[in-house]
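Notes to accompany the following structure.
Not measured: the values here are computed from a predicted model.
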Amino acid sequence: MEHIILLFLAFFTEAVILWQYASTLFTPSHSSKMRLALLSAFYAILFLISLLGQTGLNLISYFVINTIFLYMLFKLKLLLALFHCAILTAIMGISELAVWGIISRFFPHFLLETDAGIIFYTVFSKIFFFAVIYLLIHLFKGKNINHEQYDRSGLLLMLIPVSSIFIIFTFIAIGETSAFAPPVDFMVTICAVFLLMVNLLVFGINQYNQKKSQEYTDMQLLLQKESDSAQYYEMILSQNENQSILIHDIKKHLQSIKLLNEKN
């Protein structure tokens, strides 16, 4: 049961990371509800495949399903979708291998002899994966892939996953030198999971605020455009009135000239 919950947490985190990556960099071709529904269905399939315990099959299915998701639901060519899915798959594999190597090198007993070690490994690797992907998002945004204004202040949010990694590393070091006594071990493990959730929540709220800010800016631009249009039409109306007055005056002058001409 614990293994299934841990797998669910891992795939939920990967789904959120993919959503953040795709929604930030690419233009969607379907509604948010459609994308969310298909993302949930795709990652439910990945979750079921992972229960077979085949690492190679997990990697292939992760790459294929993410490619289908990007190609179907975003305005991307197939080659570009393959390229970005290859990046995501490679970074996910590298992050898991890197975290496994770090923990095995410095804290081998904590990783192998405690149930909390696997949980900490999962949380550590997903936060590391999330940090690398978020940095990659800002590098791609700097190249104006989606033609949006690039805000470098968002890089300050990188302090959150970096500090989270340090906190997880500290927890692992404490668990290596002195065993956690119940219920402290459970509490510390829950703290690690909450730390992962806080990372996802903060970046989700930041993306939501950016979206609302963009919508507000677009609305202000629309109102300004309508105001300019109204002023333009008022100016045209004023010009028409002036022209009518001028034409009326000219007609009167012509009539006066005609009368004077008739009377010689």
Is Gln255 close to Leu259 at the side-chain level, that is, under 4.5 Å between some pair of heavy atoms?
-> no
To the nearest 0.5 Å, atom CG of Leu76 lies from atom CG of Leu70 at 6.0 Å
Criterion side chain to side chain contact (heavy atoms under 4.5 Å, CB included) on Met34 and Ser31, from CA distance to verdict = CA-CA 5 Å; Met34 174 68 75; Ser31 65; 3.6 Å; yes
For Thr89 and Ala86, indicate whether the former's side chain and the latter's backbone hold a donor-acceptor pair under 3.5 Å.
-> no
Between Asp218 and Gln214, does a side chain to side chain donor-acceptor pair (under 3.5 Å) hold up when you go through it step by step?
-> CA-CA 6 Å; Asp218 293 340; Gln214 184 64 38; 3.1 Å; yes
Donor-acceptor contact below 3.5 Å, side chain Ser238 vs main chain Glu234 = no
Nearest-0.5 Å distance, CD1 of residue Ile68 to CG of residue Leu38 | 10.5 Å
Can you tell me how far CG of Leu88 sits from CD of Glu14, rounded to the nearest 0.5 angstrom?
-> 10.0 Å
Kindly compute the distance separating OG (Ser61) from CD (Gln54), expressed to the nearest 0.5 Å.
-> 11.0 Å
Linking I/L/V/M/F/W/Y whenever any side-chain heavy atoms sit under 4.5 Å apart, do Phe83 and Ile91 land together?
-> yes
Do Phe26 and Lys75 come close enough that some side-chain heavy atom pair is under 4.5 Å?
-> no
Any link between Leu246 and Ile236 through a network of hydrophobic side chains (Ile, Leu, Val, Met, Phe, Trp, Tyr) touching at under 4.5 Å?
-> no
Between Phe63 and Leu82, is any pair of side-chain heavy atoms under 4.5 Å apart?
-> yes
With distance as the sole criterion, is a donor-acceptor pair present between the side chains of Gln224 and Asp228 under 3.5 Å?
-> yes
Please say whether more than 12 non-hydrogen atoms of neighbouring residues, nucleotides or ligands are located less than 6.0 Å from CG in Leu237.
-> yes
Given the rule that I, L, V, M, F, W and Y join up when any side-chain heavy atoms are under 4.5 Å apart, are Val123 and Ile94 in one cluster?
-> no
Compare every heavy atom of Ala22 with every heavy atom of Phe69, then report the nearest pair and how far apart it is.
-> CE2-CB, 4.5 Å
Gap between atom OG of Ser125 and atom CH2 of Trp100 - 0.5 Å precision = 10.5 Å
Does Cys85 offer a backbone N or O that forms a donor-acceptor pair with the side chain of Thr67 under 3.5 Å?
-> no
Value rounded to 0.5 Å, distance of CD in Glu215 from CD in Gln220 = 13.0 Å
Identify which one of Val132, Ile17, Leu25 satisfies the side chain to side chain contact (heavy atoms under 4.5 Å, CB included) criterion when paired with Ile137.
-> Leu25
Look only at the side chain of Ser40 and the backbone of Leu36, and say whether a donor-acceptor pair between them is shorter than 3.5 Å.
-> yes
Is it true that atom OH of Tyr71 has more than 12 heavy atoms of other residues, nucleotides or ligands lying nearer than 6.0 Å?
-> no
Are any of the side-chain heavy atoms of Met92 and Leu59 separated by less than 4.5 Å?
-> yes
Is there a path of hydrophobic side-chain contacts, each under 4.5 Å between heavy atoms of I, L, V, M, F, W or Y residues, that connects Ile245 with Ile247?
-> no
Close side-chain approach of Phe129 and Val99, heavy atoms under 4.5 Å = no
Tightest non-hydrogen contact, residues His30 and Arg35, listed as O-NE, 3.3 Å
Carefully, step by step, assess Phe128 and Glu96 under the rule side chain to side chain contact (heavy atoms under 4.5 Å, CB included).
-> CA-CA 8 Å; Phe128 185 80; Glu96 292 185 356; over 6 Å; no
Residues Leu18 and Leu39: closest non-hydrogen pair is CD2-CD1, 3.8 Å
If you group Ile, Leu, Val, Met, Phe, Trp and Tyr by side-chain heavy-atom gaps below 4.5 Å, do Phe11 and Leu57 land in one group?
-> yes
Does Ser23 use its side chain to pair, donor to acceptor, with the backbone of Gln20 at less than 3.5 Å?
-> no
With a 4.5 Å heavy-atom cut-off, do Tyr43 and Val16 have their side chains touching?
-> no
Is there side-chain contact between Met235 and Gln231, with at least one heavy-atom pair below 4.5 Å?
-> no
Heavy-atom distance under 4.5 Å between the side chains of Tyr62 and Phe42, does that happen here?
-> no
